[in-house]
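Below is one structure, written out as structure tokens; the observations come after it.
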Amino acid sequence: MLFRVAAMNIPKLHKPTKRQVLKFLRYSLIVILGNAITAAASAFIIIPNDFTMGGTTGLGLFVRNLTNKEWAVTLTVYAANIALFILGAVLLGKKFAVATLAGTLLYPSFLSLWQFVNGKLGSPFLIRPVEGFTTDINQPLLGVIFGALFFGLGIGIVVRVGASTGGTDVPPLILHKYFNFPVSAGMWILDISIVLLQFAANVGMENILYGVLIMMISSFIVDKVSMIGTKRAQVKILSKKHEEIRKLILNKLNRGVTLLNGKTGFLKDDCYMILTIVSFRDVVKLRNAVQKIDPEALFMVSTISEVRGRGFSSDRVVLPRTEEKDVSPEDMQEVSPPETNDLKIPPKGEKEEPAPVDRDGTQAE
């Protein structure tokens, strides 16, 4: 009997579709690529040039500077990532654990691999004095810029698909969940603390300032890369020829349209505002077409960070033009139900006479 109950509670496993398999493979490849790029930036540029930085890599650099052991970086990153992963799994739940498991193991694995390759290649990206230059002050700055650029690029790619690199992301998330402390502020405070910790390992002021610069540049790159492909143009059009413009957007651009009820501010005339969301390359095409229909149309464009829903994050449903309901906006107004005060209630004891009915069975007006 117990086995039957247990069997009833086990959810049925369904064979994944081809699309689901391809989506999972694409997700996995992007997460692997992002962690590989991030680790390469650390192993080839940041660590060999003794730049400081935040995160678990910064903790690894701190331990290396104390012990003078190169392998201490990878070992410390592994230990810190696993410890923070366990802490996050306990305090933030299973969903967080599943989302950060890949980043927790992939980044230190790639870091160890790229450090081995960098050693075999003789540190090709190590900043060295160049003949003809009286000072090499611009060379470390070049390394800082490209190190931060690729480090932020890798993290941005991972964040772009909704994954996480784990590590020092965990404490700010815990503070946000239990104390409502802003995540971005928590990450900045923690990373700055790790960078300033390098003073205890006798790291020079110049390298610490380079570390702060790496954090600032990489954060900027993460914000930009994580939003690639999600931004769209929101277009609002106010025109007396809204019906022609509506058909243009539906039939030519194959985009959805929403008609918003409005009222002019001066004459207080009823009007319709067209709302649609298109890609940026279609904005000029739509603007030119609208100006041909109505040169006096009010055309407004604004940038939105992300769009989710039918036609954007899910499959688009394209209807044949013959199925389009060519109804005037006046006929599309929602009919409100009758109010209670308009209902005629017959006096007590009297029966309400039924309304006359036409031959087709509908009540006559």
Side-chain ([X]) to main-chain ([Y]) donor-acceptor, under 3.5 angstrom:
X	Y	answer
T52	V195	no
T276	G256	yes
W114	I37	no
S112	P108	no
K241	D294	no

Is the [atom1] atom of [X] crowded by more than 12 outside heavy atoms at less than 6.0 Å?
X	atom1	result
F146	CZ	no
F24	CZ	no
F199	CZ	yes
F280	CZ	yes
M216	CE	no
K177	NZ	yes

If you round to the nearest 0.5 Å, how far is [atom2] of [Y] from [atom1] of [X]?
X	Y	atom1	atom2	value
T264	D269	OG1	CG	4.0 Å
M273	H242	CE	NE2	12.0 Å
T104	N35	OG1	CG	9.0 Å
L101	N81	CG	CG	11.0 Å
I304	I277	CD1	CD1	4.0 Å
M187	L173	CE	CG	7.5 Å

Report whether [X] and [Y] are members of the same hydrophobic cluster (ILVMFWY, side-chain heavy atoms less than 4.5 Å apart, transitive linking).
X	Y	value
L197	L61	no
I293	I237	yes
Y178	L84	yes
L259	L275	no
I217	I155	yes

Search all heavy atoms of [X] against all heavy atoms of [Y] and return the closest pair with its distance.
X	Y	value
G147	A41	O-CB, 3.6 Å
V290	A297	CG1-CB, 3.8 Å
G60	V73	O-CG2, 3.7 Å
V222	G152	CG2-O, 3.4 Å
Q115	E70	NE2-O, 4.3 Å
A200	L66	O-CD2, 4.1 Å

Review point. Could you go step by step and tell me if I245 and V257 meet the side chain to side chain contact (heavy atoms under 4.5 Å, CB included) rule?
Key: CA-CA 10 Å; I245 298 174; V257 179; over 6 Å; no
Review point. Which residues pass the ring pair (Phe, Tyr, Trp, His ring centres under 6.0 Å) test with F51, sequence neighbours left out?
Key: Y210
Check your understanding: Yes or no on side chain to side chain contact (heavy atoms under 4.5 Å, CB included) for N261 and Y272, after CA distance, side-chain angles and deciding distance?
Key -> CA-CA 5 Å; N261 287 310; Y272 286 94; 3.2 Å; yes
Would you say the side chain of [Y] lies within less than 4.5 Å of the side chain of [X], judging by non-hydrogen atoms?
X	Y	result
L238	C271	yes
T168	T56	yes
L209	E206	no
V225	I157	yes
V170	F85	no
M215	W188	yes
P48	N118	yes

Check your understanding: Do I32 and F110 pass the side chain to side chain contact (heavy atoms under 4.5 Å, CB included) test, and can you show the C-alpha distance, the side-chain angles, and the key distance before you say yes or no?
Key -> CA-CA 9 Å; I32 293 173; F110 275 116; 3.7 Å; yes
Exercise for review: Just do the side chain to side chain contact (heavy atoms under 4.5 Å, CB included) check on V235 and L286 with the steps written out, would you?
Suggested key: CA-CA 9 Å; V235 180; L286 176 59; 4.0 Å; yes
Check your understanding: Under 3.5 Å, is there a donor-acceptor pair linking the side chains of S42 and Y107?
Key ->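 Their side chains do contain a donor-acceptor pair, which is all the 3.5 Å distance test asks for.
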Review point. Distance only, no hydrogens: is a donor on one side chain within 3.5 Å (strictly under) of an acceptor on the other, for Y78 and S109?
Key: yes
Check your understanding: Do the charged groups of R64 and D50 touch, with an N to O distance under 4.0 Å?
Key -> yes
